[in-house]
**Q** 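Pasting a structure here, questions to come.
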Amino acid sequence: MVLCMAIPIKLDIGFIFGLRYIPFIIVALFGGYKYTFPLYLVLNIYRFMLIGGAGTLQSFLFSTVIFILVPLLHKWFFVQNAKK
């Protein structure tokens, strides 16, 4: 996740596309709250202290919503059919 934040995809039009939520969501689905909480801390500390800038409040709010909602789907995710 740190590499996804450190090396984002930069488009020519000036848009920066970071993939930091992909590993965060995958760990949340497979590991639940136990493994998601350390990533939540790393995500927010890295975002606030090293990257900073515009969008930090939106990033914090979005990561908090993901942290609360996605691990709730952890047990449901494991009982799904693999072909779905």
Side-chain angles (χ1 to χ4, degrees):
M1 183 174 65
V2 173
L3 287 175
C4 291
M5 292 171 68
I7 309 170
I9 298 170
K10 296 179 183 177
L11 301 178
D12 292 334
I13 59 173
F15 185 73
I16 299 173
F17 189 68
L19 300 173
R20 63 184 172 262
Y21 292 110
I22 303 289
F24 188 64
I25 291 172
I26 290 172
V27 169
L29 284 175
F30 281 99
Y33 286 109
K34 180 180 177 182
Y35 297 105
T36 308
F37 184 69
L39 284 181
Y40 175 75
L41 292 177
V42 168
L43 174 87
N44 288 310
I45 290 171
Y46 188 85
R47 177 73 170 107
F48 289 132
M49 302 200 68
L50 298 179
I51 297 175
T56 53
L57 179 62
Q58 291 86 355
S59 174
F60 175 73
L61 293 175
F62 187 72
S63 66
T64 303
V65 169
I66 295 291
F67 174 70
I68 292 170
L69 295 180
V70 174
L72 292 175
L73 301 172
H74 167 71
K75 291 181 181 177
W76 173 81
F77 180 71
F78 277 112
V79 297
Q80 295 301 309
N81 187 359
K83 293 185 180 184
K84 287 184 179 180

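Values reported hereafter were calculated over all heavy atoms of this structure, with side chains retained and with hydrogens, waters and symmetry mates removed.
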**Q** Once you measure the plane-to-plane angle for F37 and F67, does it fall in the parallel (<30°), tilted (30-60°) or perpendicular (>60°) bin?
**A** tilted
**Q** List the atom of M1, the atom of L39, and the distance in Å for their closest heavy-atom pair.
**A** CE-O, 3.2 Å
**Q** Of the non-hydrogen atoms in F62 and Y21, which two are nearest, and what is the gap between them?
**A** CD2-CZ, 3.5 Å
**Q** Tell me whether I7 is reachable from F24 by hopping between hydrophobic residues (I, L, V, M, F, W, Y) whose side-chain heavy atoms are closer than 4.5 Å.
**A** no
**Q** Under a single-linkage definition using a 4.5 Å side-chain heavy-atom cutoff for Ile, Leu, Val, Met, Phe, Trp and Tyr, are V27 and L3 assigned to the same hydrophobic cluster?
**A** no
**Q** Between I13 and I9, is there a shared hydrophobic cluster once you connect ILVMFWY residues whose side-chain heavy atoms come closer than 4.5 Å?
**A** yes
**Q** If you take all heavy atoms of S63 and L43, which pair is closest and at what distance?
**A** CB-CD2, 3.2 Å
**Q** What distance separates N44 CG from T64 OG1, expressed to the nearest 0.5 Å?
**A** 6.0 Å
**Q** Are the side chains of T56 and F60 in touch, meaning some heavy atoms are under 4.5 Å apart?
**A** no
**Q** What pair of heavy atoms forms the shortest contact from S59 to R20, and how long is it?
**A** OG-NH2, 3.7 Å
**Q** Looking at every non-hydrogen atom in both residues, tell me the closest pair between L29 and F77 and how far apart they are.
**A** O-CD2, 3.9 Å
**Q** Please say whether more than 12 non-hydrogen atoms of neighbouring residues, nucleotides or ligands are located less than 6.0 Å from OH in Y35.
**A** no
**Q** If you compare all heavy atoms of G32 against all heavy atoms of P71, which two are closest, and at what distance to 0.1 Å?
**A** C-CB, 4.0 Å
